[in-house]
Amino acid sequence: MSRLAKGEQAARIEDLEVTFATDSGDVRAVDGVSLHVAAGEVLAVVGESGSGKTVTAKTILGLLPETATTSGAVFIGQENIVQVSGERLRQLRGTSVAMVFQEPSTALNPVFTVGWQIAEGLRAHGNYSNGELREKSIDILRKVGIPDPEHRVDHYPHQFSGGQKQRIVIAMALVLDPELIVADEPTTALDVTVQAEILDLLRRLRDEFNAGILLITHNMGVVADLADRVAVMYQGEVVEQATATELFANPQNDYTKRLLAAVPYIGAGREAARARAVERDKVNAEPVVVARGLEIVYPGRFGRGGFRAVAGVDFEIGPREVLGLVGESGSGKTTIGRAIGGLTRVTGGSLMVLGTEFNGAKESDIRPLRKDIGFVFQDPATSFNPLLTIAEAIAEPLVVHSEAANPDDARARVNQLLEAVQLPIGFGDRFPHELSGGQRQRASLARALALRPKLLIADEPTSALDVSVQARVLELFAELQHEFGFAALFISHDLAVVDMLADRIAVLYKGELVEEGTGEQVLGAPQHPYTKRLLASLPVPDPIEQGKRREELRLLREAP
């Protein structure tokens, strides 16, 4: 329980300025920011990448690199973090302020048990026996909702799901009862159902532990669900502050209005989908993909039985059609995408891709089709070779499939592709790290389209992007799909995004297809309990409406 009374200030930032020294001169990342967070309150800081959100948050914990110059004041209690010594900072971290990082898989050490890692903070700030450390670790795991904590305290990070790992990272932040928790994009990579559970947990921590929470996010639905107050940042400045209810009902700043307008919502793409259906009906051609009783079983190891990832699924993707595939992690979405791309072996049923049966097919049968199948991956930062320029990366498929002798020979085609995805031609000479996330994803689209594929497989292509950048990438995807006429399998856990782009939506649950139809049918009038739960888990950018959905989700969870 926080040592502060509800409403007392947990942190206060006054006229904060942060400047980074770079080879090309000083860059001001934070410019005169003033904020405060009270105990028992959630302050959401929102804005696109580069707005200064994370830099502001890291200043609170003294985590900025040596290249940063800081002025102004950041108070935790009576202490100004900007001025205290390194030793005093170490004493304050964990006990007064703690951080929940965006990616739990990288925040957790894979070679130590989760119990050892939770106890690490206790060892650093006190003298406890091994029995006491174990008891406190088990207790905090129980409080964050990890089942069977007495046994799971001895498990390693890889033995937990993504949502459970995020709970463990939250447990590490809570174990020393800090007055302030800084949560940096704590739900970005999570499925909507798991995200809803983590948001419930953070809400409970606010109420039961009386902790102040500084929430950094680009998801306006999450803000509406959890935040008491909101601060909007743009180019290093706070451009608007208000209660969550006021901000969503009556935004004042033009940037805030643009940010809210960019949020996808269920039903936004229905008219466009109907128009595409009329155009597609004119095309009399065989389906691009046909699955009948599709089964994919991963073989077991050490004498164990295999894991059935996809169980008897039927679906089709017609020419120029976008099929949206939704479901939580482990439902089989990516497995189906990999099977269609010839990257995962089909073990049962039938999968016809571009007229070729993949069940029993040899690599020599699939290889000629690869130039007709394009891939857009979830994280362009890791799917690009960091040693190649953007132009060389886009040219690579052309060179591999002998449509160009070398990257220079393909440059004219590369320039056309860069223009198609609305990137300046000069960006071709840059390396991936020199582009923003949205620019890299555009380049990823250009690479996928290099060979004019008949089928595009897009696996969570916008989940890591800011809402405003995501909106631009989705518009671009729709324009390119209309222009190039490819069919697409669009895999996502964001129902609103899928509804914007897809002609039909297929819902997967534990390897089975439980519902399929148009967006109007599946999301407008869902029939299966799992689809209803998915929809209720999706936070909407309206605090009042979101409160109703939260209650609806609670009733669905309690239903037999």
Side-chain angles (χ1 to χ4, degrees), residues 105 161-163 187-196 264 288-298 307-317 321-349 351 353 358 373-380 382-383 441 444 448 455-465 470 474 477 487-517 519 522-523 526 528 530-535 537-538:
S105 294
S161 69
T187 63
T188 294
L190 302 178
D191 302 320
V192 287
T193 48
V194 179
Q195 174 179 271
V288 177
V289 177
V290 180
R292 293 287 180 263
L294 174 64
E295 288 194 3
I296 300 172
V297 177
Y298 289 110
F307 171 69
R308 198 182 193 198
V310 179
V313 166
D314 295 352
F315 66 88
E316 292 184 2
I317 306 176
E321 182 180 40
V322 180
L323 176 68
L325 202 54
V326 301
E328 58 196 13
S329 292
S331 62
K333 305 187 304 292
T334 297
T335 297
I336 287 175
R338 288 177 58 85
I340 292 172
L343 303 176
T344 294
R345 192 167 67 88
V346 175
T347 55
L351 179 63
V353 180
F358 273 27
I373 303 173
F375 278 92
V376 182
F377 297 98
Q378 180 171 356
D379 184 3
T382 54
S383 65
Q441 198 58 289
S444 184
L455 173 65
L456 195 70
I457 299 169
D459 190 358
E460 300 278 12
T462 62
S463 63
L465 301 179
Q470 174 183 268
L474 291 174
F477 185 95
L489 177 71
F490 194 94
I491 299 168
S492 180
H493 64 254
D494 191 326
L495 299 175
V497 166
V498 170
D499 193 36
M500 280 183 67
L501 288 178
D503 302 300
R504 287 184 302 110
I505 297 173
V507 182
L508 280 175
Y509 179 54
K510 294 184 177 178
E512 296 183 4
L513 199 151
V514 296
E515 198 156 351
E516 184 185 3
V522 173
L523 304 182
H528 196 276
Y530 176 68
T531 311
K532 293 177 182 177
R533 205 158 66 243
L534 268 183
L535 268 171
S537 300
L538 179 70

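Because the structure is predicted, anything quoted here is derived from the model rather than measured.
Considering every non-hydrogen atom in both Ile491 and Gly337, the closest pair reads CD1-CA, 4.1 Å. When all heavy atoms of Ala339 and Val346 are compared, the closest pair comes out as CB-CG2, 4.3 Å. Considering every non-hydrogen atom in both Glu516 and Val522, the closest pair reads C-CG2, 3.7 Å. Of all heavy-atom pairs between Leu513 and Ala506, the closest is CD1-CB, 3.9 Å. Shortest non-hydrogen contact noted between Ala502 and Gly324 is CB-N, 3.6 Å. Between Ser492 and Val498, the shortest heavy-atom distance links the atoms CB-CG2, 3.6 Å.
To the nearest 0.5 angstrom, Leu489 atom CG is 8.0 Å from Ile336 atom CD1. Note: Leu474 CG to Gln441 CD = 10.0 Å, rounded to the nearest 0.5 Å. Taken to the nearest 0.5 Å, the CD1 atom of Ile317 stands 5.0 Å off from the CG atom of Leu323. Here the CZ-CG distance, from Arg504 to Leu325, works out to 11.0 Å after rounding to the nearest 0.5 Å. To the nearest 0.5 Å, atom OG of residue Ser331 and atom CD of residue Glu328 are 6.5 Å apart. Rounding to the nearest 0.5 Å gives a distance of 14.5 Å between CZ of Arg533 and CG of Leu538.
Relative ring orientation between His528 and Tyr530 is described as perpendicular, the plane-to-plane angle rising above 60° on a 0-90° scale split at 30° and 60°.
Under the side chain to side chain donor-acceptor pair (under 3.5 Å) criterion, Asp494 pairs with no residue, sequence neighbours left out. Residues forming a side chain to side chain contact (heavy atoms under 4.5 Å, CB included) with Lys510 (at least two apart in sequence, or on another chain): none. The side chain to side chain contact (heavy atoms under 4.5 Å, CB included) search around Ala458 returns Val376, Pro461, Phe477, Phe490, not counting sequence neighbours. Residues forming a ring-ring contact (aromatic ring centres under 6.0 Å, His included) with Phe315 (at least two apart in sequence, or on another chain): none. Every residue two or more places apart in sequence or in another chain that forms a side chain to side chain contact (heavy atoms under 4.5 Å, CB included) with Arg292 is listed here: Val290, Asp314, Glu316, Ser350. Take Glu295 and apply the salt bridge (charged side-chain N to carboxylate O under 4.0 Å, His left out) test, not counting sequence neighbours, and it matches Arg308. With sequence neighbours excluded, the residues satisfying side chain to side chain contact (heavy atoms under 4.5 Å, CB included) with Ser537 are Val192, Thr193, Ala196, Leu553.
At a threshold of 4.5 Å between non-hydrogen side-chain atoms, the residues Phe377 and Ile457 do not count as touching. With a 4.5 Å cut-off on side-chain heavy atoms, Leu351 and Ile296 do not count as touching. In this structure the side chain of Leu508 reaches within 4.5 angstrom of the side chain of Val313, judged on heavy atoms.
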Side chain to side chain contact (heavy atoms under 4.5 Å, CB included) evaluation trace for Tyr298 with Val310: CA-CA 10 Å; Tyr298 289 110; Val310 179; over 6 Å; no

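A donor and an acceptor atom, one from each side chain of Thr531 and Tyr509, are nowhere located under 3.5 Å apart.
Under the side-chain hydrogen bond (donor to acceptor under 3.5 Å, both in side chains) criterion, the residue pairs touching residues 339-349 are Arg338-Thr344, with sequence neighbours excluded.
The main-chain N or O of Val322 is found under 3.5 Å from a side-chain atom of Asp503 such that the two form a donor-acceptor pair.
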